[in-house]
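Here's the structure, in structure tokens; my notes come after.
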Amino acid sequence: MKITSAQYYKNVAGEITTVLCEIDGTKSAVPTDPDNRHYAEILKQVKEGTLTIKDAD
Amino acid sequence: MSKASELANLIGNINAGGGGVNRNLVINGAMNVAQRATSSTGIGASSGYFTCDRWLFGREAGTEQARFTMTQDTASVGIDSLPFQEAGIRTALKMDVTTAESAVASGESSLIMQRIEGFNCSNLDIKNKPITLSFYAKSDAKTGTMCASLYAGSGGRHHVKEYSITTDWQRFSLTFPADSGATALANDNTNELQVNFVLTAGSNFQVTADQWASGFDTATSNQINFADSTDNNWYLTGVQLEIGQNPTEFERESFAVTEAKAQRYCQFNTAEFADAYNSTTGSRQVVLRTPMRATPTASIPSGGTNKILDIGTAYRNLDSLGGFELSNSYGGTQVTNISSTSGGNGDGDAYCHIITGGCILYDAEL
């Protein structure tokens, strides 16, 4: 799974609930839910040092 | 199978704790639901869900050269075919090799899988009860030994079995005995039981057949390299996994029932209205078609006709959006905020977006 352009995103309440990114070229919003397979993969790639997540704007 | 044999098998499975309606632990075993697409090319560049719902294509190393076109096939399951004659099945999953891989390295593997959620299989007493996998499969050219396996998530245990594929449809039945070394399957929303159909498997994934053991292994050394020629096409349908030692007739269910089951893991929402939140964000309360397994990933399928209409301005493609996000899910609803990188013509600070002819994909697959 190729994940690029990852950035945290704040919801309207100012809480970080999502990682915005591209997954295999598709723009995606991944919830910070450990049961979500994409978020699990993001955490794995961050741990392996192959992906960094930019801070929210 | 005669009706007497079918009845005997069913009674045997009921005595083992299975049988009856909803006995098939696999969703979309007849391959008749394909929400994402009916055909997808270039499969093998990454793992993922592409055509028939719930069926995952996986690759293990990332260096695999084989590429496939994955199709919800109808041509192979005509009214004279075995799947139709025996079970009324009219669709199959087809893997067409489009780029051959002459040699499979030790860490490489390509396979088709279904991951079964614990809530749907934790009734299986895997330590004490057998389980039977049955399916229809055939090839167009390549024949020989192929492997199917189970992987139990809790405990990390596998069991590999072989079957011999030919150019004719066959119904295969593989019975997996109870696993005395197993850990009970968890009653939760995680991947607790996985069915694997191997296309290629390097030596790292090859083990002895017909025994439960630790680790994620999927094949034996007899597994053929199904991707060694672009002449090769593999077909699969009528997949059934049931508690008990006996295969029973494929349990046919209505399209609507299968689709609803699949939508726990994948669903599209289309043509909705997003209320204005501020100058660049529309907030949309989505009522999911069914509650999903986990908070889903939202994405915009590429190549579609997704557009937004900014009130007072022109259409813009959704692909150009700066981002959208999900907030809390309350038992079947989801708030999706759709944002744009550029402001509109403004109506105060308010700004509306209407999605027309487009869709957002919600994915909570395992």
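Numbered from 1 within each chain, the chains take letters A, B, ... in sequence-line order. No experiment lies behind these values; they were computed from the predicted model shown.
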> For the atom pair CZ (R37(A)) and OH (Y265(B)), what is the distance rounded to the nearest 0.5 Å?
Replying inline: 13.0 Å
> Are the side chains of N189(B) and D35(A) in touch, meaning some heavy atoms are under 4.5 Å apart?
Replying inline: yes
> Do T295(B) and N36(A) meet the criterion of a side-chain donor-acceptor pair at a distance under 3.5 Å?
Replying inline: no
> How many angstroms lie between atom CE of M1(A) and atom OG of S47(B), to the nearest 0.5 angstrom?
Replying inline: 7.5 Å
>> So for D363(B), is it side chain, backbone, both, or neither that comes closer than 4.5 Å to the heavy atoms of chain A?
In response: both
> Going from CZ on R293(B) to CG on D33(A), what distance comes out if it is rounded to the nearest 0.5 angstrom?
Replying inline: 8.0 Å
>> Could you tell me if the side chain of P31(A) sits less than 4.5 Å from the side chain of T297(B), heavy atoms only?
In response: yes
